[in-house]
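These numbers come from the heavy atoms of this one structure, side chains and all, not from hydrogens, waters or symmetry mates. Here, residue 1 is the first one in the sequence, and each next residue gets the next number.
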Amino acid sequence: MDSFYEDFRMNIKYYRDLRGLNQSELAIQADSSNGMIGNIESGKAFPSFRNILAIASALKVHPADLFLRGASKSKEEIRTILKEKIGKEINQIIDEQL
């Protein structure tokens with residue numbers, strides 16, 4: 001259970017940073033308090049389901065992505081990302097081995 005919450009906390013911070021938001025800005029967009037966002041990120045507070053949905057909406061991500069980064073991506077999106085990130089390396093390894 002603890003590792004899920006740790007991932008959740010870190011993913012909120014990750015997506016918040018990715019969007020260029022500070023805790024106060026996220027709190028405003030998620031209709032929450034600055035203290036609540038800070039307490040969630042520091043592990044001192046556990047958000048309600050409503051809070052999770054509001055935070056995800058404010059961060060423009062699927063709520064599942066707050067628990068498992070990239071969870072809402074389709075297989076095709078994942079395939080495209082993998083091809084972009086490791087396609088060249090795979091081709092290089094194949095060329096070297098053959």
Side-chain angles (χ1 to χ4, degrees):
M1 177 80 143
D2 291 337
S3 69
F4 290 117
Y5 189 63
E6 182 68 18
D7 290 345
F8 174 79
R9 295 183 321 105
M10 298 315 294
N11 285 336
I12 288 177
K13 183 170 179 6
Y14 169 82
Y15 286 115
R16 183 174 58 75
D17 289 344
L18 190 66
R19 300 280 180 252
L21 299 173
N22 61 38
Q23 289 180 348
S24 296
E25 292 166 330
L26 175 57
I28 290 167
Q29 291 184 27
D31 194 27
S32 185
S33 69
N34 184 37
M36 175 59 108
I37 298 299
N39 286 336
I40 291 169
E41 286 188 8
S42 68
K44 296 176 184 172
F46 295 92
S48 68
F49 186 68
R50 182 210 152 288
N51 291 130
I52 292 169
L53 295 178
I55 291 168
S57 178
L59 293 172
K60 297 178 176 52
V61 298
H62 191 281
D65 292 327
L66 295 178
F67 293 93
L68 180 62
R69 202 176 298 167
S72 67
K73 295 202 183 306
S74 70
K75 286 182 182 178
E76 190 56 40
E77 288 173 307
I78 293 170
R79 182 177 286 117
T80 300
I81 290 168
L82 288 175
K83 282 182 180 179
E84 290 172 0
K85 294 198 180 251
I86 63 173
K88 290 179 184 177
E89 289 88 355
I90 290 173
N91 288 334
Q92 182 180 3
I93 291 169
I94 290 170
D95 289 343
E96 289 172 1
Q97 298 298 316
L98 299 177

Item to complete: Would you please test L18 and L59 for side chain to side chain contact (heavy atoms under 4.5 Å, CB included) and show each step?
Response: CA-CA 9 Å; L18 190 66; L59 293 172; over 6 Å; no
Roughly how far, to the nearest 0.5 Å, is [atom2] of [Y] from [atom1] of [X]?
X: L26; Y: N34; atom1: CG; atom2: CG; answer: 9.0 Å
X: R69; Y: Y15; atom1: CZ; atom2: OH; answer: 6.0 Å
X: I40; Y: F8; atom1: CD1; atom2: CZ; answer: 6.0 Å
X: R16; Y: N11; atom1: CZ; atom2: CG; answer: 12.5 Å
X: I12; Y: D7; atom1: CD1; atom2: CG; answer: 11.5 Å
X: M10; Y: D17; atom1: CE; atom2: CG; answer: 9.0 Å

Item to complete: Is it possible for you to say whether I28 and I55 belong to one hydrophobic cluster, with membership spreading through side-chain heavy-atom contacts below 4.5 Å?
Response: no
Worksheet entry | Distance-only polar pair, side chains of Q29 and E25, donor-acceptor under 3.5 Å | no
Which heavy-atom pair separates [X] from [Y] by the least distance, and what is that distance?
X: A30; Y: A58; result: N-CB, 3.9 Å
X: R19; Y: V61; result: NH2-CG1, 3.9 Å
X: Y5; Y: G43; result: CE2-CA, 3.7 Å

Worksheet item: Is there a donor-acceptor pair closer than 3.5 Å between any side-chain N or O of N39 and the backbone N or O of M36?
Response: no
